[in-house]
Amino acid sequence: MKISKARIAFLTNHFFEFSYSEDGEEVEPNREAYDSIADPAELHFIADIYNWDDGTQLLEWIINDPTCDKATAKMIFWRSQPSYYTTIESEENADWDLDVYKLLNNIIRNFEENFYQNERIAYDPALDFSAEDLHVEEPNAKWEIPSWMKEATTGEKLIYEE
């Protein structure tokens with residue numbers, strides 16, 4: 001699977017550090033630009049380059065998109081540092097962590113409901129240097145990360161044209 005230079009430029013321009021405005025105003029992700037994306041590889045690219053300081057709204061769009069690949073959902077899950085969130089029992093206890101807590105729970109629920117139909121992209125959370133170590137466990141965990149979230153996905157490696 002390959003993403004062209006032109007599409008990389010478009011995706012980077014619209015979805016990389018989009019909330020950083022010169023005037024300090026809060027900037028929302030561009031829904032119109034997002035709706036023009038039909039390729040699961042492009043959603044994966046956005047998640048791969050994503051700056052978490054931009055919030056979770058765009059990531060929610062991705063994980064709830066019917067074209068989202070299993071690999072993309074797992075990458076977002078593991079890059080969110082999920083072990084920390086296992087110490088939160090419910091949304092009522094999440095405080096400032098609510099957005100990421102809800103994101104993680106949505107990903108797990110989507111997997112449990114077989115929402116993700118695509119597995120065209122290869123991803124192994126154990127080999128992702130930007131992801132949390134799969135063996136990290138919080139001593140005060142209120143819930144466990146499902147073992148199947150630790151499994152690699154099958155598919156092709158993505159190639160980004162240079």
Side-chain angles (χ1 to χ4, degrees), residues 3 8 11-12 14-20 26-31 33-34 37 39-155 157-158 160:
I3 303 175
I8 288 171
L11 298 168
T12 302
H14 285 90
F15 302 111
F16 181 68
E17 297 183 349
F18 60 83
S19 70
Y20 293 86
E26 189 171 321
V27 179
E28 298 289 319
N30 184 323
R31 185 63 197 215
Y34 179 83
I37 301 168
D39 185 347
E42 292 184 1
L43 296 179
H44 194 85
F45 175 79
I46 293 169
D48 193 18
I49 66 165
Y50 198 71
N51 184 331
W52 285 73
D53 290 338
D54 285 331
T56 60
Q57 183 178 17
L58 178 59
L59 297 174
E60 283 284 348
W61 293 350
I62 292 171
I63 67 154
N64 290 310
D65 190 315
T67 62
C68 181
D69 195 274
K70 290 177 181 181
T72 307
K74 284 189 175 190
M75 180 173 62
I76 291 169
F77 184 89
W78 285 106
R79 290 189 178 181
S80 73
Q81 308 302 309
S83 68
Y84 167 78
Y85 296 92
T86 64
T87 64
I88 301 171
E89 191 168 12
S90 67
E91 287 185 17
E92 291 77 33
N93 305 106
D95 296 326
W96 67 272
D97 301 330
L98 180 61
D99 291 341
V100 176
Y101 177 81
K102 287 168 71 174
L103 181 78
L104 293 171
N105 280 288
N106 286 341
I107 292 169
I108 291 170
R109 184 175 43 256
N110 284 350
F111 270 103
E112 290 173 341
E113 295 174 357
N114 294 315
F115 176 78
Y116 302 115
Q117 295 299 306
N118 295 318
E119 191 169 357
R120 297 174 37 207
I121 301 169
Y123 176 74
D124 187 345
L127 302 177
D128 183 352
F129 295 112
S130 296
E132 178 175 77
D133 185 309
L134 303 184
H135 304 291
V136 171
E137 291 185 25
E138 287 291 328
N140 299 319
K142 309 287 190 243
W143 54 277
E144 288 185 31
I145 295 170
S147 60
W148 42 263
M149 285 300 295
K150 299 175 182 181
E151 297 171 3
T153 62
T154 59
K157 183 178 178 182
L158 285 183
Y160 307 144

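For the numbers below, each heavy atom of this structure counts, side chains included, while hydrogens, waters and symmetry mates do not.
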Once you round to the nearest 0.5 Å, how far does [atom1] of [X] lie from [atom2] of [Y]?
X      : Y      : atom1 : atom2 : answer
Asn106 : Ile63  : CG    : CD1   : 4.5 Å
Trp78  : Asp133 : CH2   : CG    : 8.5 Å
Thr72  : Glu42  : OG1   : CD    : 11.5 Å
Met75  : Cys68  : CE    : SG    : 9.0 Å
Leu134 : Asp124 : CG    : CG    : 7.5 Å
Thr153 : Glu119 : OG1   : CD    : 5.5 Å

More than 12 foreign heavy atoms under 6.0 Å from CD of Glu138: is that the case here?
yes
Please identify which of these residues, [options], meets the side-chain contact (heavy atoms from CB on, under 4.5 Å) condition with [X].
X      : options                       : result
Tyr101 : Asp99, Leu103, Asn105, Leu104 : Asn105
Phe15  : Asp54, Ile62, Ile37           : Ile37
Pro29  : Glu60, Gln57, His14           : Gln57

Determine the minimum heavy-atom distance between [X] and [Y], stating which atoms define it.
X      : Y      : result
Pro66  : Asn118 : O-ND2, 4.0 Å
Ser80  : Tyr85  : O-CE1, 3.3 Å
Asn64  : Phe115 : O-CZ, 3.4 Å
Ala122 : Gly155 : CB-O, 3.4 Å
Ile3   : Tyr160 : CD1-CE2, 3.8 Å
Glu91  : Lys102 : OE2-CG, 3.7 Å

Parallel, tilted or perpendicular: which fits the ring planes of Phe18 and Tyr50, with parallel below 30° and perpendicular above 60°?
tilted
May I ask you to decide if the ring planes of Trp61 and Tyr34 are parallel, tilted or perpendicular, using 30° and 60° as cut-offs?
tilted
Measuring only between side-chain heavy atoms, which start at C-beta, is [X] closer than 4.5 Å to [Y]?
X      : Y      : result
Thr67  : Asp39  : no
Lys70  : Gln117 : no
Ile76  : Trp52  : yes
Val100 : Gln81  : no
Trp143 : Ile108 : yes

Polar contact flag, side-chain donor to acceptor under 3.5 angstrom, [X]-[Y]:
X      : Y      : result
Glu132 : Ser83  : yes
Asp69  : Tyr116 : no
Asp128 : Tyr123 : yes

For salt bridge (charged side-chain N to carboxylate O under 4.0 Å, His left out), just list the numbers for Asp48 and Arg79, CA-CA rounded to whole Å, side-chain angles, deciding distance to a tenth of an Å, and then say yes or no.
CA-CA 9 Å; Asp48 193 18; Arg79 290 189 178 181; 2.9 Å; yes
Before you tell me yes or no, could you show the steps for Lys74 and Glu151 under side-chain contact (heavy atoms from CB on, under 4.5 Å), namely the whole-Å CA-CA distance, both residues' side-chain angles and the distance that decides it to 0.1 Å?
CA-CA 9 Å; Lys74 284 189 175 190; Glu151 297 171 3; 3.9 Å; yes
